[in-house]
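Below you'll find the structure, written out as structure tokens, and then a few comments.
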Amino acid sequence: MAQVHPLAPFAGQFFGGAQVLDVAASNLFALVDALDKLGPGFGEDAVLRAAFAVNGMMQTDWSAPLAPDAQVMVFPRVAGG
Amino acid sequence: MNAPQDKASFKPAYDVVGTRPVRPDGVEKVTGKAIYGTDHVAAGMLHGAILRSPHPHARIRSIDTRKAEALPGVKAVVTGADFPSLASLEVSLGEGSGNIAAISRNCMAHEKVLYDGHAVAAVAATSAVIAEEAAALIEVEYEVLPHVLTIDEALAPGAPVLHEDMFTKGLPEKPAEPSNAALCFTVGRGEPDAAIAAAHTVVSGRYSALAVHQGYIEPHACVASYNADGQVQVWASSQGAFMIRTLCASILGISQADIRVTPLEIGGGFGGKTKVYLEPVAIVLSRKSGRPVRLAMSRADVFRASGPAPGVVADITVGADADGTITGVVMEFKMLSGANPGNDTHSGAMSALAHYNVANCRVTGWDVLCNTAATAAYRAPGAPQTIFPVECCIDEIAQKLGLDPIDIRLKNAARPGDVGIMGMPAGEIGYAECLEAAKAHPHYSAPLGPNQGRGIAGGTWGNYGGPSTATVNLGEDGSVLVTTGSPDIGGSRAAMAMMAAETLEIAYEQVRVTIADTSSIGFSMLTGGSRTTFATGKAVILACEEIIATLRARAAVMWSIDVSQTEWRGGAVHCLSGDKAGTSLTMGQIAAKAGFSGGPIAAEVALNAQGFLPGFGVHICDTEVDPETGHVSVTRYTVVQDVGTAIHPDYVEGQMQGGAAQGIGWALNEGYVYDKAGRMDNPGFLDYRMPVCSDLPMIDTVMVEKPNPAHPFGVKGVGEVPIVPPLGAVANAVSRAIGLRVHDLPLTPDRVYAAMQGKS
Amino acid sequence: MGKMMISATINGDAQQFLCDPAATLLDALRDELGLTGSKEGCGSGDCGACTVVLDGQMVCSCLVLAAEAEGRKIATIEGVAEGSELHPVQRKFLEKGALQCGFCTPGFIVASKALLDHNPDPSEHEVRYWLAGNLCRCTGYDKIVRAVLDAAAELRQETTTQRVSA
């Protein structure tokens, strides 16, 4: 199971303020699908607004394999200049 | 100056990377041949003009265009009614996302105008003079609405609301009423209130900075040509030709394949050219007139209607132990984002403490709307505004505890492996190395004169990677053509050529680089987020590696040996076995026989670059304050930055110097000023005072090169970090020069003088 | 009102062009003569991107009426290089990395050449004040000032060499 740590605003908006969620997923596409079942609407929002870090590295390739014990942070995407 | 000697040891030796060749586009730019936004001419081109609102907030009751249309020479007049009425739709724009309806209405108002300068109608005519004359003949009936210009006004009970459908996001409950607060966002950890209550030393304050403009010297400009078959060409100066294609296609409901955007040379952007303003309007004018149309902003248009960076008000409290360890931080800031929700609140909150280890902290950001131009990204968007209060407070704690301002930062600095506020362990970051290099720099120990003070500040920016495409083609003579889709805003063509030359082990001059139009190369995200040399550079390097593999395979066939018996060295394939052992084939020799083997030698790499790392900087600023006027002069300035590997050191230094100068301007001179009617009071370079040559000293640079392990040559982004520290560095220098702190930027002479009078 | 016919010497060549009475010299250079090297950054004489030399005087061409050019000599960025031979100021801008986006560069080069034409040995202070009418947002001016000082040094040496050899 990957350990998912949703930060604001996702934790409050979709997951009832949960700090940690255990999700079985082989990559971030599967993880987003699983999280969308836990918090309906997250999947659509994630495409537009979410950034993911896997084991401390930003990961924008959602197809990259996810280790079973991955630590995944979810936070708002930011844009540079 | 180069990196300190002891840091040079882990840097591999390169032949091309790290040298300073002349950029490939240089001669065109010093001879006036380079073609920028308003230099492109299409056959039969019309000239456009835009009518802009004189009111900061008004409902459009009616627009009568008949007189304008009747003027001889006028070929088209358009208003919001000529644009698709879009539902609120968000599209992914690479790093962030955007609401297409809001973007469209910012290009051309529909029901309401939201700021002084908001476009309400546009004209295309046979000359610019006729177009301007016709625009002035358009009659707009406005119902003027009350407006808000400041955070206090925008959030006051009963304040006029810009968007009736906007409810604050990020609160535990959806508010009952719409308001001008678009977003509330909090990050943090630990028990900051308790930590501050128990701290040995506590400092606090309210800090502010005004909205400032990116200040690129080239106004926005484009030419659009709509053909009867629905195919469109756009020539524009921007940070992303693909960004223009995406947005125009979405706003106007056109297939992306039907829009070909050719990037012209770009005269500065700094984040401000990551949006569309004119291109959709020019396309609609061209569709209506059947002719190509040029639209260009005046300088006043640029100030009034294109994106400033948001102003900020921040309340901050910082607690520390007696040894200078920062134990707790609470900050609440409000960004003034203008007419549409901004993008700086998340990044501001996440950047504020990203360069320190703070066990207990809470940073809350609010995105607040008002009747000023919709803000745009500006170099490390959000970070200068939130790091400025943090750096001022750390300086005050150092003074209270009698600590050296670099030592206190070293004590608290984020280092590799430290887990930051976002819960992520830091990678190979170099903040501590920057602080050490700053401390060792002669500037730091140089004596100061009377009325002078020295300020230190640090800062960081996250940088980015993301999608890029590059192709590499060999000419029949073996010369190398690199093509990318990343507009070159400050010398990146040189960096691409250098990385290609280094990979292929050939001379820099053998490689030429083209920035292609959107129909001639695959997608690349815009030039922004300090991503181009990292991400597009990686695509170029990988494409060159594919070229090497192809050349080795071709040579192996020509020599009748296995490819493993070939070696790539010095830009040629060397034969290691068989009859031809010891001989070699150059790129030209293999390329000349391409028609007898597998055909043209080419490679394309499209990737989504991972492994980007944040950059860090430390600035040392000396100021002298005139006791009779309060005027602040910057007398000496040094920029220290972890740049990863500097591919072309001149252009890395240039980014550091230019970012510092912009930050100095933000700290000392610049700011949006409005009159009571809500009209911008200083929409020109005379009154909006950017630093000029005589305002600044030489800006010394120290490149600390701590390579990024995720890039073949160790590249980290460099463009954005250098605008982050100057606000704090200048403010800290002034506070030490005059013996008290001024919390509000810009530090204009009247403000500084008043503070000095208050003290005496 | 109809267009006016103006005769002027531009980069050494006799030229004629038509212009509106209200057109600026910058408009005429760019739109009538196709000399788009001079740039419009502000239209109010504050940024210097349109700098040209008019009868030996450095001016912002956005503040001069095209009609005022009648019978006069105008030097623009397009005439700074001698054929394919770059002027030392141009070469030093390239060698020192004194440009990023390059939009302000033509104005800086025309202004810098004008400085060195009448003051071959300027101090850093003099360079900074001479160029204070030219805005650059990319570079922080450091490399521009160094390029101008380097070009001045090179030009002085060349002058000295020529004098000796002659």
Side-chain angles (χ1 to χ4, degrees), chain B residues 20 22-23 25-36 38-39 41 127-129 214-219 265-270 296 298-299 489-491 637 648-651 653-662 664 684-686 690-701, chain C residues 20 22-23 27 30-31 34-47 49 76-78 80-81 86-87 89-91 93-107 109-110 124-125 127-146:
Chain B
R20 301 172 186 246
V22 168
R23 57 197 280 172
D25 51 322
V27 170
E28 292 218 320
K29 286 178 175 161
V30 299
T31 53
K33 290 179 189 167
I35 300 298
Y36 292 83
T38 51
D39 300 335
V41 178
S127 79
V129 172
Q214 295 82 351
Y216 33 82
I217 311 298
E218 178 201 37
E265 294 297 339
I266 169 170
F270 315 109
S298 68
R299 179 53 52 183
I489 200 160
Y637 204 96
H648 193 310
D650 272 348
Y651 293 108
E653 292 166 356
Q655 290 292 323
M656 294 161 71
Q657 292 163 333
Q662 289 182 315
I664 292 168
F685 283 140
L686 190 62
M690 307 197 313
V692 302
C693 200
S694 53
D695 292 333
L696 294 173
M698 291 298 188
I699 298 172
D700 202 358
T701 54
Chain C
D20 282 321
D27 291 335
R30 291 177 53 81
D31 301 337
L35 297 173
T36 54
S38 303
K39 305 300 182 192
E40 179 165 324
C42 66
S44 55
D46 297 312
C47 78
T76 72
I77 182 65
E78 287 87 351
V80 172
L86 296 182
H87 186 275
V89 169
Q90 293 172 309
R91 199 153 31 72
F93 264 63
L94 294 179
E95 290 171 7
K96 293 283 162 186
L99 60 147
Q100 284 175 34
C101 81
F103 190 79
C104 70
T105 306
I109 285 173
V110 171
E124 181 196 332
H125 187 79
V127 171
R128 286 189 178 277
Y129 275 83
W130 181 273
L131 296 177
N134 289 77
L135 286 175
C136 170
R137 191 62 157 174
C138 293
T139 65
Y141 304 105
D142 182 298
K143 292 183 189 300
I144 292 175
V145 174
R146 290 179 200 275

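Chain A is the first sequence line, chain B the second, and so forth, proteins listed ahead of strands; every chain is numbered from 1. All values reported here derive from a predicted model rather than from experimental measurement.
- Side-chain atoms of C/Arg30 come within 3.5 Å of backbone N or O of C/Ser38 as a donor-acceptor pair.
- Side-chain N or O atoms of B/Gln657 include none that pairs as donor or acceptor with a backbone N or O of B/Thr701 at under 3.5 Å.
- Residue contact with chain C, scored on non-hydrogen atoms closer than 4.5 Å, is absent for B/Ala660.
- We find the NZ-CG distance between C/Lys39 and B/Asp39 to be 3.0 Å, quoted to the nearest 0.5 Å.
- Contact of B/Val27 with chain C is made through backbone and side chain together, with heavy-atom distances under 4.5 Å.
- Contact annotation: the side chain of B/Cys693 never approaches that of C/Asn134 to less than 4.5 Å [non-hydrogen atoms, C-beta and beyond].
- A distance of 12.0 Å separates OG1 of C/Thr139 from CG of B/Asp650, quoted to the nearest 0.5 Å.
- Within the 4.5 angstrom heavy-atom criterion, atoms from both the backbone and the side chain of B/Ile217 approach chain C.
- Using a 4.5 Å cut-off between heavy atoms, B/Leu686 touches chain C through backbone and side chain atoms alike.
- Under the 4.0 Å criterion applied to side-chain N and carboxylate O atoms, B/Glu265 and B/Lys29 are assigned as salt-bridge partners.
- Both the backbone and the side chain of B/Thr31 come within less than 4.5 Å of a heavy atom of chain C.
- Taking CD of B/Glu218 as the reference point, atom CZ of C/Arg137 lies at 15.0 Å (rounded to 0.5 Å).
- For the pair C/Gln100/B/Gln655, a side-chain contact is recorded, criterion being any heavy-atom separation below 4.5 Å from C-beta on.
- Contact between B/Ala661 and B/Pro691 at its shortest, heavy atoms only, is O-CG, 3.6 Å.
- Between chain C and the residues B/Lys33, B/His648, B/Gln214, the largest count of heavy-atom pairs under 4.5 Å involves B/Gln214.
- Within the 4.5 angstrom heavy-atom criterion, no atom of B/Tyr637 approaches chain C.
- Highest contact tally toward chain B, considering only C/Leu135, C/Val145, C/Ile109, is held by C/Leu135 [criterion: heavy-atom pairs under 4.5 Å].
- Between the side chain of B/Arg299 and the backbone N or O of C/Glu40 there is no donor-acceptor pair closer than 3.5 Å.
- Interface remark: of the candidates C/Ile144, C/Leu131, C/Leu99, C/Leu99 forms the most heavy-atom pairs closer than 4.5 Å to chain B.
- Looking only at heavy-atom pairs under 4.5 Å with chain C, the residue among B/Gly654, B/Gly491, B/Gly268, B/Gly26 that has the most is B/Gly654.
- With rounding to the nearest 0.5 Å, the separation of OG in B/Ser127 from CG in C/Asp20 is 7.0 Å.
- The candidate with the highest count of non-hydrogen atom pairs below 4.5 Å against chain C, out of B/Val692, B/Ile699, B/Ile35, is B/Val692.
- Interface remark: B/Glu28 contributes no atoms to any contact with chain C (heavy atom separation under 4.5 Å).
- Contacts of C/Phe93 with chain B are made by side-chain atoms alone, with heavy-atom separations under 4.5 Å and no backbone atom involved.
- Residue with the most contacts toward chain B among C/Leu94, C/Thr76, C/Asp31: C/Leu94 (heavy-atom pairs, distance under 4.5 Å).
- Note: C/Gly41 leads C/Cys138, C/Gly41, C/Gly97 in heavy-atom pairs under 4.5 Å with chain B.
- Highest contact tally toward chain B, considering only C/His87, C/Glu95, C/Glu124, is held by C/Glu124 [criterion: heavy-atom pairs under 4.5 Å].
- For the set C/Ala23, C/Ala132, C/Gly133, C/Gly34, the entry with the most heavy-atom pairs within less than 4.5 Å of chain B is C/Ala132.
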